[in-house]
Structures are given as structure tokens and as C-alpha cells.
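The structure under discussion appears below in the form of C-alpha cells.
Letters A, B, ... are given to chains in the order of the sequence lines, protein chains preceding strands, and every chain is numbered from 1.
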Amino acid sequence: MSEAREALNFLEHIIEDDLENGYQKSQLRFRFPPEPNGYLHIGHASSICLNFGLGLKYGAPVNLRFDDTNPAKEETAYVEAIKKDVKWLGFSWDTERYASDYFQQLYDWAVQLIEGGKAYVDSQSSEEMAEQKGTPTEVGTNSPFRNRTVAENLALFSGMKKGDFEEGTHVLRAKIDMGAPNMLMRDPIMYRILNKAHHRTNTDWCIYPMYDWAHGESDYLEQVTHSLCTLEFLPHRELYDWFLDQIYEADKVRPKQREFARRNLSHTVVSKRKLLQLVENNVVNGWDDPRMPTISGLRRRGYTPESIVAFADTIGIAKRENLIDVSLLEFHVRDHLNKIAPRVMGVLNPLKLVITNYPEGKEEYVTAENNPGDSDAGFREVPFSRELYIEKEDFKEEANRKFFRLKLGGEVRLKNGYIIKAESCTKDTEGNIIEVQCTYDPKSKSGSGTEESLRKVKGTLHWVSISHAISAEVRLYDRLFTDESPDTHKDKDFMDFVNPDSLQVITAYVEPSLKNAKEQDRVQFQRMGYFCVDRDSTPDKLVFNKTVGLRDTWAKIAEKA
RNA sequence: UGGCCCAUGGUGUAAUUGGCAACACAGCUGGUUUUGGUCCAGUCGUUCUAGGUUCGAGUCCUAGUGGGCCAACCA
């Protein structure tokens with residue numbers, strides 16, 4: 001059997017090369033390293049799928065490491081939320097680590113650097129240091145403290161650790177090259193004084209390592225082989241390697257940082273800072289608002305983890321800039337929900353329909369298929385009566401041939417029920433249609449096997465029996481931003497593009513089988529879309545979120561006309 | 001006035017590493033359908049430009065063009 005060669009992304013090619021050049025497969029190790037300063041979003045999901053996917057592919061462990069080197073912004077609540085999201089996506093980490101686990105080791109290594117003349121304590125203000133840093137086109141100048149003696153540096157650094165100094169008075173810097181073309185190599189800061197309690201180490205420390213000093217060394221301590229991050233860290237790689245050079249021992253695995261392009265989703269923003277802004281300005285109702293591109297928001301919206309993983313697999317990973325259309329994400333959630341979501345009937349925008357020749361007071365049950373694509377899904381009974389609600393958009397007094405719905409004198413089938421014919425309608429004083437009167441063919445009942453029941457009519461409408469229906473709050477969502485790339489405009493702030501109509505709350509009428517629906521239950525309201533039960537739902541009041549609509553060919557036809 | 005990264009259909013990614021440019025989505029046509037859904041069949045369309053190396057270039061080289069990143073005691 002010949003097998004087509006599997007398509008690899010560029011990171012997999014790098015790993016395959018490493019495997020050929022001496023790495024043992026058993027040495028492979030990855031990590032997902034979020035900072036616990038916010039909630040994970042769809043971009044992180046992509047990174048999670050990448051790292052954990054690589055782990056699965058190569059049978060390699062993947063650590064979940066919290067990059068918690070800045071106590072000013074980090075909280076335990078975020079740690080818990082992040083763990084929940086990773087688990088929900090279906091991944092398991094090998095060990096749970098924290099950069100803060102390594103504070104002592106990092107400190108000891110820093111002392112070693114000082115002793116080797118590779119680091120010094122600078123006692124200038126940040127403004128002074130920024131000035132000496134130069135610009136991308138101009139070299140920097142050395143700090144007047146650059147040549148402090150080892151003894152002096154050691155004493156000062158130890159004083160910093162003991163809390164002898166105020167914040168901002170001293171920092172520890174690596175002694176590299178103020179003339180380096182790479183700005184990050186111009187004597188980068190390794191430690192700063194921060195009199196803040198850390199969510200894990202509390203007040204044990206008042207000096208904290210910077211990202212660059214902590215990250216690579218953490219990778220090294222965990223013996224991570226491939227440290228994957230986004231492209232904006234590319235210039236950090238030289239520094240990552242320089243720091244590793246200072247402590248690397250030849251018998252250990254030497255981690256390598258490699259960079260990939262961040263995935264950008266259209267009509268949203270994926271930046272913790274900007275998402276936080278949306279939350280703080282009450283543009284949305286919290287991090288898990290169903291309009292948010294956060295994993296918690298997508299979960300509440302009704303997305304399945306499977307659909308998010310499938311999305312991440314489809315878009316792949318590369319180094320070029322990208323803007324992925326959110327409709328691809330929507331495709332994947334439809335694709336999955338189509339397979340698993342039970343079909344039910346719900347009328348979102350009700351119009352009363354009276355069947356004039358149906359006996360008053362009569363009620364009967366019709367049999368409905370739970371999922372036409374899944375023969376194991378079974379059937380249920382739905383109550384039918386003389387007075388029903390249908391969708392307002394499904395009736396017009398007159399319409400052309402393309403309108404496969406109800407019009408005066410026209411026939412249509414009520415899903416799982418009877419064929420009806422619209423006879424007349426009633427309007428209010430403003431001319432709005434408020435009721436439609438129709439007649440039904442008693443012999444046309446679905447599944448009855450009669451000749452009439454087998455008749456083909458062009459349209460099929462969903463409906464609910466008014467006296468049996470349950471009213472429910474339904475939250476409809478539109479794109480959060482009107483622009484496909486709201487945060488890429490130089491002259492405008494992304495907040496200028498917030499869609500004022502991104503949330504619409506309506507009262508809908510749903511079939512009684514939904515009475516005991518539980519939070520997170522996902523259903524398809526036939527012909528309308530996929531919906532899930534929100535956590536605001538109570539036994540007395542059902543609340544649904546619209547996850548995504550069905551593919552809507554009719555909308556395109558209507559648009560053309 | 002510097003260094004580095006990137007460029008493949010409308011979108012996102014592939015291309016057996018120099019050998020017939022493919023997959024998914026979107027679009028369009030038709031078929032099936034008691035969801036204008038699903039499913040099925042078909043179809044449209046691509047290597048930024050100019051040189052060079054080569055029997056052969058999306059892939060290698062040079063130049064150009066376009067886009068991005070880099071001057072936080074953030075990560």
C-alpha cells in the first residue's frame with residue numbers, strides 16, 4: 001500500500017531535521033507558556049493545538065508553564081481559568097510548572113553571571129537608560145555603572161534581594177553590547193525591584209526576573225527541546241541563545257526557540273490588552289461574553305472543543321501574516337454541530353397561524369426525527385393544535401415563484417405535520433400582518449402513508465403550537481466589530497469599530513420538549529441555526545445563545561433580487 | 001535611515017526538498033432532500049516583479065517592489 005507523504009508545516013520540518021541530526025525522539029518535549037494575566041483566546045487555542053498536537057504526534061510530553069514573572073498583573077484566578085480552558089479543549093499536560101518555581105535557581109545563575117563579569121547593577125532611572133539605549137539606527141552608549149566591580153555588584157544585587165532599596169532605584173543588567181544592531185542585546189534588564197506580593201511566592205521576593213531571563217532558562221530547566229512562540233519574539237532569539245550560553249552544560253538538551261505567525265481572526269481582536277479594554281469599558285459583559293473570541297466566550301456561545309481543534313488544524317501554521325475569515329471558524333462549528341445537535345423547532349419571530357378547519361380544542365402529537373443524519377438519535381412527539389406560531393418571514397401575501405414559503409392561496413407543509421393552504425390574513429391598523437388563516441388537508445399528515453401525505457409541496461415550515469409552546473429568551477449575536485481588521489488602522493482606534501448591534505435579545509417560542517434543557521445543551525432550531533442553553537437559564541426561564549446560523553442560501557437569493 | 005522576518009487562487013495552508021502547483025473554506029452550476037440545512041456531482045481561479053543558475057525553479061542566487069517586527073523596570 002503506497003501512502004502519500006504527509007504534509008508537514010515548517011515547524012514539523014525543523015523537528016524532523018533535528019530527529020535526523022541526532023535528537024532522540026524520546027528527548028522531544030514541548031510547552032505551552034501562558035502568562036496568567038488574562039483569559040485565553042482563539043489565538044492561544046491555536047498555540048495550544050500546535051504544542052499539544054506536536055506532543056501527541058511525537059509521543060512527547062508537553063508542560064503547561066505559567067510565565068508568572070510579573071506579580072503586578074498576574075492572579076491565581078487566571079491560572080485556574082487557563083487550566084480549565086486547556087482541559088476543555090481536550091488536552092492534558094505532562095507537568096504543571098511555573099516560572100516562579102525557578103526564582104531561586106534564576107537568582108543563583110544571576111549571581112554567577114555577576115561573578116563572571118557578565119552582569120551589573122545599574123542605578124539610573126528608566127528614562128536615563130532609555131536614552132542611552134539609542135535607536136534602531138543609532139548605537140547606544142554605556143551606562144556609567146557598567147564597570148562596577150564584581151564585589152560592588154554582588155553587594156548591590158544582594159541588597160536588592162533583601163529589600164534594601166526602593167522600586168526603580170536599581171536593576172540588574174546583562175553586560176552584552178550597547179552597540180548591537182539588535183536593540184534587545186543592548187544590556188537588557190534581567191531583574192527589577194517590585195514590592196508586590198506574588199500570587200504564588202507571596203512576599204518571598206521583591207526582585208523579579210524579566211521575561212528574557214526567565215523564559216529560556218525555564219525551557220532549559222524543563223529540558224524543552226522546541227520552544228515555540230509568535231513572530232514578535234524573533235528578535236529575542238539572539239538574547240535567548242546568549243542567556244543559554246551562560247549556563248548551558250553540554251550533556252543537557254539545549255532548547256531552541258522558533259517562531260510562527262500569530263493567527264489573526266477577522267472581525268475581532270486577539271490581544272489580551274484589547275480584550276481587557278472591551279471588558280473594562282463594558283462593551284461586553286465579561287471575559288466569557290459569547291461575543292468574545294476568548295475560549296470561555298466561545299464555550300458559552302456554544303462552540304464545541306472539537307470544532308475549535310478542527311479549525312486550528314485546518315488553518316495550520318506558517319510565518320506569513322494572515323487574516324483568517326471568522327466564517328471558517330463558523331464552518332467548523334456548523335460542521336460538528338450538524339452531526340451532534342438534536343433538531344427541535346423554535347419560532348424566533350412569531351406570527352399567529354390559525355387552521356380554520358381544524359377542530360377547536362383538539363390536540364394531537366406528531367412524530368419528529370431528532371437528527372436526520374443520525375439514525376440512532378430517535379424520535380420525539382410534538383404537540384399540534386389549531387393555533388400555531390410560524391416565523392414572520394415565512395409568510396407573504398404575495399410573492400414570486402422563488403419564495404418557497406407561505407403566500408395567500410399557496411400551499412406549504414408544516415414540518416412533521418400537515419399540508420396547509422393560506423386563505424386570508426388579518427392586519428392591524430398600521431397594516432402589519434398579525435394573523436394568517438389557513439386550511440389544512442387532514443389526510444396529509446406526515447408519516448401516515450396516505451397518498452396525500454406523500455404529496456410534494458415546495459416549502460416546509462417549522463412551527464410551534466401556541467398553547468403548548470414555552471417562551472424563551474434568545475440572545476442573537478452579530479460580529480463584535482464592523483471592520484474585518486479593527487486594530488490595524490493607523491488613524492483609528494479599534495474601539496471606533498465596535499458594532500453597536502452585536503447583541504439582540506428577543507423572546508422566542510420553543511417546543512415543549514425543551515422544558516428540561518440544561519446549561520450548555522446544544523440544539524438546532526430547524527431552519528434557524530444552532531443554539532445552546534446559557535448559564536443564565538433557570539427552570540422558570542430558558543435562555544438560549546445563538547451559536548451560529550445555518551448556511552443560508554435563501555438569504556443570497558433574496559439579496560440578488 | 002540600520003538590522004531582521006515574510007510574499008503561492010478571494011481566504012488559510014500544502015507541494016515527495018530542484019521534477020505534472022494540491023487540500024479545505026468561500027463562489028458558481030446541477031442533483032437529492034418533509035430544514036432554501038445536510039449529502040452528492042461538477043466548475044471557476046494561483047506561485048509579487050525583473051534578471052540569473054539549471055535539461056528543468058513556487059523552491060536556489062541577485063536586485064527591486066510590497067507588507068511586518070525591533071528603542072516597556074510587559075510578556
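Using cut-offs of 30° and 60° on the angle between ring planes, the pair His236(A) and Tyr211(A) is perpendicular. Below 30°, between 30° and 60°, or above 60°: for His198(A) and Tyr208(A) the angle between ring planes is below 30°, a parallel geometry.
Side chain of Lys407(A) to main chain of Ala399(A): a donor-acceptor pair is present (N/O by atom type, distance under 3.5 Å, no hydrogens or angles). Without hydrogens or angle criteria, Glu391(A) side chain to Leu348(A) main chain gives a donor-acceptor distance under 3.5 Å. Judged purely by atom type and a 3.5 angstrom limit, Glu12(A) uses its side chain to pair as donor or acceptor with the backbone of Asn9(A).
Following rounding to the nearest Å, Lys458(A) (NZ) and U32(B) (C1') show an atom-to-atom distance of 11 Å. For the pair Arg65(A) CZ and A75(B) C1', the interatomic distance rounds to 12 Å; values are reported in whole Å. We find that CH2 of Trp554(A) is positioned 16 Å from C1' of G37(B), with the value rounded to whole Å. Asn370(A) has its CG atom 15 Å from the P atom of U35(B), to the nearest Å. One atom, CD of Glu12(A), and another, P of U17(B), lie 17 Å apart when rounded to the nearest Å. A14(B) atom P lies 11 Å from atom CG of Asn322(A), rounded to whole Å. For Leu265(A) and U11(B), the CG to C1' distance is 12 Å, given to the nearest whole Å. Between Asp552(A) atom CG and A26(B) atom C1' the separation is 15 Å, expressed in whole Å.
Counting only heavy atoms from C-beta on, Arg551(A) has its side chain closest to A26(B) among G36(B), A14(B), A26(B). Checking U35(B), G12(B), U1(B) against the side-chain heavy atoms of Arg343(A) singles out U35(B) as nearest.
Note on Tyr530(A): nothing from the nucleic acid sits closer than 4.0 angstrom, heavy atoms only. Looking at heavy-atom distances under 4.0 Å, Lys456(A) makes contact with sugar-phosphate atoms alone, never a base. Residue Lys415(A) is in base contact, counting any heavy-atom pair closer than 4.0 Å across all strands shown. Nucleic acid contact for Gly140(A): none, since no nucleic acid atom lies under 4.0 Å from a heavy atom of the residue. At the heavy-atom level, Arg405(A) lies under 4.0 Å from base atoms of the strands shown. Using a 4.0 Å heavy-atom distance criterion, Lys272(A) is classed as making no nucleic acid contact. Residue Thr137(A) is in base contact, counting any heavy-atom pair closer than 4.0 Å across all strands shown. No contact: Lys196(A) has no heavy atom under 4.0 Å from any strand. Among the atoms of the strands shown, base atoms are found under 4.0 Å from some heavy atom of Pro372(A). Among the protein residues, Leu234(A) comes within range of the sugar-phosphate backbone only, with heavy atoms under 4.0 Å from sugar or phosphate atoms but none that close to a base. Looking at heavy-atom distances under 4.0 Å, Leu323(A) makes contact with sugar-phosphate atoms alone, never a base.
Comparing U34(B) with A22(B), their C1' atoms sit 39 Å apart, to the nearest whole Å. For the P atoms, the distance linking G31(B) with G66(B) amounts to 50 Å, nearest Å. Only the C1' atoms considered, C4(B) is 31 Å distant from G10(B), to the nearest whole Å. Between U17(B) and G58(B), the two P atoms lie 16 Å apart (nearest whole Å). Straight-line distance between the C1' atoms of C60(B) and C74(B): roughly 41 Å, to the nearest whole Å. Nucleotides G9(B) and A15(B), compared at atom C1', are 15 Å apart to the nearest Å. The separation of A57(B) from A21(B), taken at their C1' atoms, amounts to 12 Å, rounded to a whole angstrom. Between the P atoms of U33(B) and C40(B), the separation comes to 16 Å (whole Å).
Taking syn as a glycosidic angle within 90° of 0, U17(B) qualifies as syn.
Screening Lys272(A), Glu74(A), Arg273(A) against Asn37(A) for a side-chain hydrogen bond (donor to acceptor under 3.5 Å, both in side chains) leaves a single residue, Lys272(A). Each of Arg146(A), Met190(A), Arg186(A), Met129(A) was evaluated against Arg173(A); a single residue qualifies, Met129(A), per the side-chain contact (heavy atoms from CB on, under 4.5 Å) test. Among the candidates Asp394(A), Leu414(A), Leu353(A), the single residue satisfying the side-chain contact (heavy atoms from CB on, under 4.5 Å) test with Trp463(A) is Leu414(A).
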>> Just to be sure I follow the notation: if a pair is Watson-Crick (purine N1 to pyrimidine N3 plus N6-O4 or O6-N4) or a G-U wobble (N1-O2 and O6-N3), each under 3.5 Å, what dot-bracket string does RNA chain B give, with | for pairs to another strand?
In response: .((((((..((((.....[..)))).(((((.......)))))....(((((..]....))))))))))).....

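Glu128(A) and Ser125(A) are linked by a side-chain donor-acceptor pair at a separation below 3.5 angstrom, with hydrogens and angles left out of the test.
Electrostatic pairing of Glu411(A) and Arg455(A) counts as a salt bridge here, judged by a charged N lying under 4.0 Å from a carboxylate O. Of the charged side-chain nitrogens involved, none lies within less than 4.0 Å of a carboxylate oxygen, so that Arg65(A) and Asp101(A) do not count as a salt-bridged pair. By the 4.0 Å N-to-carboxylate-O rule, Lys196(A) lies close enough to Glu167(A) to be salt-bridged with it.
Between Phe233(A) and Tyr240(A), the gap from one ring centroid to the other reaches at least 6.0 Å. Proximity of the aromatic rings of Trp554(A) and Phe404(A) is defined here by a centroid distance below 6.0 angstrom, and this criterion is not met.
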Please list, for nucleotides 21-24 of chain B, all pairs of protein and nucleotide N/O atoms separated by less than 3.5 Å.
none

Any protein N or O atoms within reach of nucleotides 69-74 of chain B? Criterion: under 3.5 Å, listing atom names and distances.
| residue | atom | partner | partner atom | Å |
| --- | --- | --- | --- | --- |
| C73(B) | N4 | Gln124(A) | O | 3.2 |
| C73(B) | N4 | Gly168(A) | O | 2.8 |
| C74(B) | OP2 | Arg192(A) | NE | 3.0 |
| C74(B) | OP2 | Arg192(A) | NH2 | 2.8 |
| C74(B) | O3' | Arg192(A) | NH2 | 3.2 |
| C74(B) | O2' | Asn70(A) | ND2 | 3.1 |
| C74(B) | O2' | Lys73(A) | NZ | 3.3 |

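A salt bridge (Lys or Arg N to Asp or Glu O under 4.0 Å) check over residues 335-344 of chain A, counting only residues at least two apart or in different chains, returns the pairs Asp335(A)-Lys339(A).
When the nearest nucleotides of RNA chain B are assigned to Asn9(A) and Pro209(A) by heavy-atom distance, the more 5′-ward of the two goes with Asn9(A). Nearer the 5' end of RNA chain B, as judged by each residue's closest nucleotide, is the contact made by Lys319(A), out of Ser453(A) and Lys319(A).
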>> Please encode protein proximity along nucleotides 39-44 of chain B as a string of B, S and -, counting only heavy-atom distances under 4.0 Å.
In response: ------

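For the ring pair (Phe, Tyr, Trp, His ring centres under 6.0 Å) test, residues two or more places apart in sequence or in another chain that qualify with Phe157(A) are Tyr107(A), Tyr191(A).
Closest approach of Met160(A) and Cys206(A) over heavy atoms only: O-SG, 3.3 Å.
Side-chain nitrogen and oxygen atoms of Lys556(A) include none within less than 4.0 Å of the OP1 or OP2 phosphate oxygen of A26(B). Side-chain N/O atoms of Arg527(A) include one lying less than 4.0 angstrom from OP1 or OP2 on G36(B).
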